[in-house]
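The block underneath contains the structure these notes are about, expressed in structure tokens.
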Amino acid sequence: MSPGFTGGLLDRADALRHDPEGLAAARSDWRARVLRLDRFEPELDGEGRLGWSSLAETPEEAELILLGFDEARRPHFAAYLPGMRAPAGRSPRLFALLDQFAPGEAATYAAARSVLDWHSRHQFCANCGHQTALFRAGWGRACPNCKAEHFPRVDPVVIMIAEHDGRALLGRQPAFPPGRYSALAGFLEPGESIEEAVAREIMEEAGVRVSGVRYIASQPWPFPSSLMIACVGSAEDDAITLDTNELEDAIWVSRDDVRAVLAGGDGPFLPPPPYAIAYTLLKAWAEG
């Protein structure tokens, strides 16, 4: 299965970001659509498809971000409104919607949410403090004062399991629902490779030393703008020394246990939801 928030259906049309005339034509296209959002949360129809409105319904002060074109070459935009700010957390409604997206729709939402959130937090130049202006069809902001250019950031995160003697190491945080365990995770640090970050995070959180790290898959995570990089590492032993500042508990689970809970059966833990890459990672590991 494909990781959640992947498989986008729009052509991002990067060349148009450098083409003022082409971009103007897209904005004047009567078929153009703008993503409907309510406080950064999407609207979905009964089949899990995103809701869209026309450009005529968009406020004049909105800054348009080109998301791309569909197969019929209809332009699709997201609208940034002055003062727009993403909520600090994720609402129960949004969590419920994450399981309802039709294939490819979550990827469009992820791109829109991440870039809109970035615009909301980067109105001023980090170099000189001057107000910046949108450019590159919304995929950048330029400073008219010092000429610095700023682009949407992506924060890489490693998410991983250690394996030992046919078992996988999982952990739980206090904020998880009762019984849920998932892969360990942490941000990459400057001057660090993916493999080094995986080994460091597992050692820091669970006291388990790993080597032979291998990549499995990746996933955008738009809260606000992470790239989750899923890996597996081979553990030297199964002794756990828990960092209680990071984890509430950690356990070793067998492939049979993982297969059972992913199939909806009973087991020693509640698995992560299917839209999370931790689910994809566990499924890949369980299937060998």
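For clarity, every value in this text was computed on a predicted model and none was experimentally measured.
The ring-ring contact (aromatic ring centres under 6.0 Å, His included) check on W221 picks up F5, F223, with sequence neighbours excluded. Qualifying ring-ring contact (aromatic ring centres under 6.0 Å, His included) partners for F269, counting only residues two or more places apart in sequence or in other chains: none. Checked against side chain to side chain contact (heavy atoms under 4.5 Å, CB included), E63 has the following partners two or more places apart in sequence or in another chain: Y80, L134, R141. Considering only residues two or more places apart in sequence or on other chains, R39 meets the side chain to side chain donor-acceptor pair (under 3.5 Å) condition with none of them. Every residue meeting the side chain to side chain contact (heavy atoms under 4.5 Å, CB included) condition with P59, not counting sequence neighbours, appears here in chain and number order: E61, L81. A search for side chain to side chain contact (heavy atoms under 4.5 Å, CB included) contacts involving E47 returns D45, R49, not counting sequence neighbours. Remark: F187 engages no residue in a ring-ring contact (aromatic ring centres under 6.0 Å, His included) (not counting sequence neighbours). Judged as a ring-ring contact (aromatic ring centres under 6.0 Å, His included), and not counting sequence neighbours, Y181 has no contacts. For S54, the side chain to side chain contact (heavy atoms under 4.5 Å, CB included) partners two or more places apart in sequence, or in a different chain, are R33, A56, E57.
Taking the ring axis of F69 as reference, the NZ or CZ atom of R73 stays within 45° of it and closer than 6.0 Å to the ring centre.
Under the 4.5 angstrom side-chain criterion for Ile, Leu, Val, Met, Phe, Trp and Tyr, the cluster partners of F135 are F151. The hydrophobic cluster around V198 extends to V154, V158, M160, L169, L184, L188, I194, I202, V208, V210, V213, Y215, L227, I229, I240, L242, L247, W252, counting ILVMFWY residues whose side-chain heavy atoms fall within less than 4.5 Å of a member.
A donor-acceptor contact shorter than 3.5 Å links the side chain of R172 to the backbone of F176.
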key: Worked check of side-chain contact (heavy atoms from CB on, under 4.5 Å) between F124 and T132   = CA-CA 5 Å; F124 297 91; T132 56; 5.7 Å; no
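Pairs of residues two or more places apart, or lying in two chains, that qualify as salt bridge (Lys or Arg N to Asp or Glu O under 4.0 Å) and include a residue from residues 143-157 are R153-D155.
Side-chain contact check for D257 and S254: at least one donor-acceptor pair (N or O, by modelled atom type) lies under 3.5 Å.
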